[in-house]
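So the structure is just underneath, and the comments pick up after that.
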There are 2 protein chains.
Amino acid sequence: MFSKACEYGIKASIFIAINSREGKRVNPKEIAEEIDSPKAFTAKILQALVRSNVIKSVQGAYGGFEIDKEKISKIKLSQIVEAIDGDNIYSGCGLGLASCDEYHPCPVHDKFKIVRTELKDMLENTNLEQLAIDIKSGSSFLKI
Amino acid sequence: MFSKACEYGIKASIFIAINSREGKRVNPKEIAEEIDSPKAFTAKILQALVRSNVIKSVQGAYGGFEIDKEKISKIKLSQIVEAIDGDNIYSGCGLGLASCDEYHPCPVHDKFKIVRTELKDMLENTNLEQLAIDIKSGSSFLKI
DNA sequence: TATAAATAGGATATTTTTATCCGAATTAAA
DNA sequence: TTTAATTCGGATAAAAATATCCTATTTATA
Ligand code: FES
Ligand code: FES
């Protein structure tokens with residue numbers, strides 16, 4: 001469904017959100033350990049998330065990654081997915097036609113569109129704060 | 001969402017179904033042209049579909065690929081997807097945890113499960129005959 | 001101002017997916 | 001029985017995704 005990069009990106013964002021709510025910055029090493037991902041690869045993804053304004057980086061000593069507290073509840077899963085995997089999962093044809101077009105539909109268009117829209121709505125209606133809270137309360141997990 | 005191999009596999013199966021309904025066998029060259037896919041790669045996928053009993057091959061001169069007429073309406077999209085991409089899209093965790101487990105859920109589990117189940121139901125309730133008919137009537141397309 | 005801790009980013013390596021090629025095996029028909 | 005058309009399957013190549021490594025740059029603090 002999502003690329004590995006995107007999975008790491010989502011989990012990393014959630015972990016950063018948890019820590020930012022407590023005023024703590026985190027670095028790639030901690031993040032990679034917490035979400036069980038390759039550190040250097042994760043660092044690349046973090047850079048991408050910084051460029052697309054999902055997270056913020058602070059360079060230099062005592063730096064790290066963080067998210068403005070007020071922004072945590074405003075960042076939707078869809079922004080993270082789009083930043084890393086692009087919008088194909090939302091708008092692309094399920095069978096790989098050049099574009100998903102009502103007037104030139106692939107055989108699964110009508111049925112696929114419903115599922116795709118539901119996925120889109122789900123991602124657009126889920127924000128980082130919701131996800132961070134569940135981790136914190138121990139009712140969901142970032143690894144294993 | 002689906003791999004290229006899976007997209008080609010679905011489109012090829014639909015094209016074979018259309019032709020089998022008319023008693024015609026088709027070969028990888030015709031298939032690749034009709035679904036706009038690389039011929040040799042498509043041939044490999046056809047072999048996999050033969051091995052998993054989705055389609056039937058007839059070797060030698062005047063051979064080709066076909067599907068038993070009575071089977072066309074019985075082959076679900078889900079069988080094709082499973083044969084090529086496996087069952088991860090149905091049963092795997094959306095964030096890549098080792099397994100999707102109610103008792104050890106990832107942060108998006110509850111919401112993701114709903115979408116994943118809807119996708120599964122969609123694929124299980126769609127058969128090749130339905131898809132072939134729309135192509136034949138010109139209301140859906142296999143390429144461009 | 002020097003130092004140490006941190007992100008940025010380019011180069012490279014590995015793995016997986018996608019794609020191509022070619023000879024062997026099969027088979028219907030001439 | 002020979003030929004031509006066809007699938008099968010192994011070997012290889014190319015491209016993309018995933019992963020690693022190293023150096024440059026930034027910056028807070030001693
Ligand atoms: S055209 Fe294929 S999903 Fe819309
Ligand atoms: S645990 Fe991640 S989707 Fe179920």
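Note that the coordinates shown come from a computational prediction; the quantities given were computed from them, not determined experimentally. Lettering follows sequence order; numbering is per chain, from 1.
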Legend entry - Residue whose nearest DNA chain C nucleotide is more 5′ - B:Arg25 or B:Lys39: B:Lys39

Inset, instruction - Please figure out whether B:Ala40 or B:Gln59 has its closest DNA chain C nucleotide nearer the 5' end. - result: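 Result of the comparison: B:Ala40.
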
Rounded off to whole Å, could you give me the [atom1]-to-[atom2] distance for the [X] and [N] pair?
| X | N | atom1 | atom2 | result |
| --- | --- | --- | --- | --- |
| A:Ile31 | D:dA19 | CD1 | C1' | 17 Å |
| B:Asn88 | C:dT17 | CG | C1' | 16 Å |
| B:Glu7 | C:dT17 | CD | P | 14 Å |
| A:Leu46 | D:dT20 | CG | P | 15 Å |
| A:Ile45 | C:dT7 | CD1 | P | 15 Å |
| B:Gln47 | C:dC21 | CD | P | 16 Å |
| A:Asp85 | D:dA17 | CG | P | 9 Å |
| B:Lys29 | C:dA19 | NZ | C1' | 18 Å |

Between [options], which nucleotide has the shortest distance from any of its atoms to the side chain of [X]?
| X | options | answer |
| --- | --- | --- |
| B:Ala61 | D:dT18, D:dA5, C:dA19 | D:dA5 |
| A:Lys44 | D:dT7, C:dT20, C:dG9 | C:dG9 |
| B:Tyr62 | D:dT7, C:dA29, C:dA8 | C:dA29 |
| B:Ala5 | C:dT18, D:dC8, C:dA8 | C:dT18 |
| B:Pro38 | C:dT18, C:dA19, D:dC8 | C:dA19 |

Inset, instruction - Would you mind reporting whether B:Arg21 and B:Ile133 have side-chain heavy atoms less than 4.5 Å apart? - result: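 In short, these two side chains touch, coming nearer than 4.5 Å.
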
Inset, instruction - Using a 4.5 Å cut-off on heavy atoms from C-beta on, say whether the side chain of A:Glu30 contacts that of A:Lys24. - result: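 Not touching, per the 4.5 Å side-chain cut-off.
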
Legend entry - Earlier contact from the 5' end, DNA chain D, for A:Lys4 and A:Val58: A:Lys4

Inset, instruction - Any chance you could lay out the side-chain contact (heavy atoms from CB on, under 4.5 Å) test for B:Val81 and B:Tyr90, step after step, and finish with the verdict? - result: CA-CA 10 Å; B:Val81 172; B:Tyr90 294 150; 4.2 Å; yes

Inset, instruction - Please check the phosphate of C:dA6 (OP1 and OP2 only) for any side-chain N or O of A:Ser57 closer than 4.0 Å. - result: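 Result: no.
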
Legend entry - Phosphate OP1/OP2 of C:dA19: any B:Tyr8 side-chain N/O under 4.0 Å: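 Looking at the OP1 and OP2 atoms of C:dA19, one of them is under 4.0 Å from a side-chain N or O of B:Tyr8.
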
Inset, instruction - Pick base, sugar-phosphate or nothing for A:Phe41, based on heavy-atom distances below 4.0 Å to the nucleic acid. - result: base

Inset, instruction - Select base, sugar-phosphate, or nothing to describe what A:Arg51 touches, counting heavy atoms under 4.0 Å on all strands. - result: sugar-phosphate

Legend entry - Salt bridge B:Glu33-B:Lys29, side-chain N to carboxylate O under 4.0 Å: yes

Legend entry - Audit row: A:Glu124, A:Lys76, salt bridge (charged side-chain N to carboxylate O under 4.0 Å, His left out) steps and yes/no: CA-CA 6 Å; A:Glu124 284 178 350; A:Lys76 308 170 197 165; 5.8 Å; no

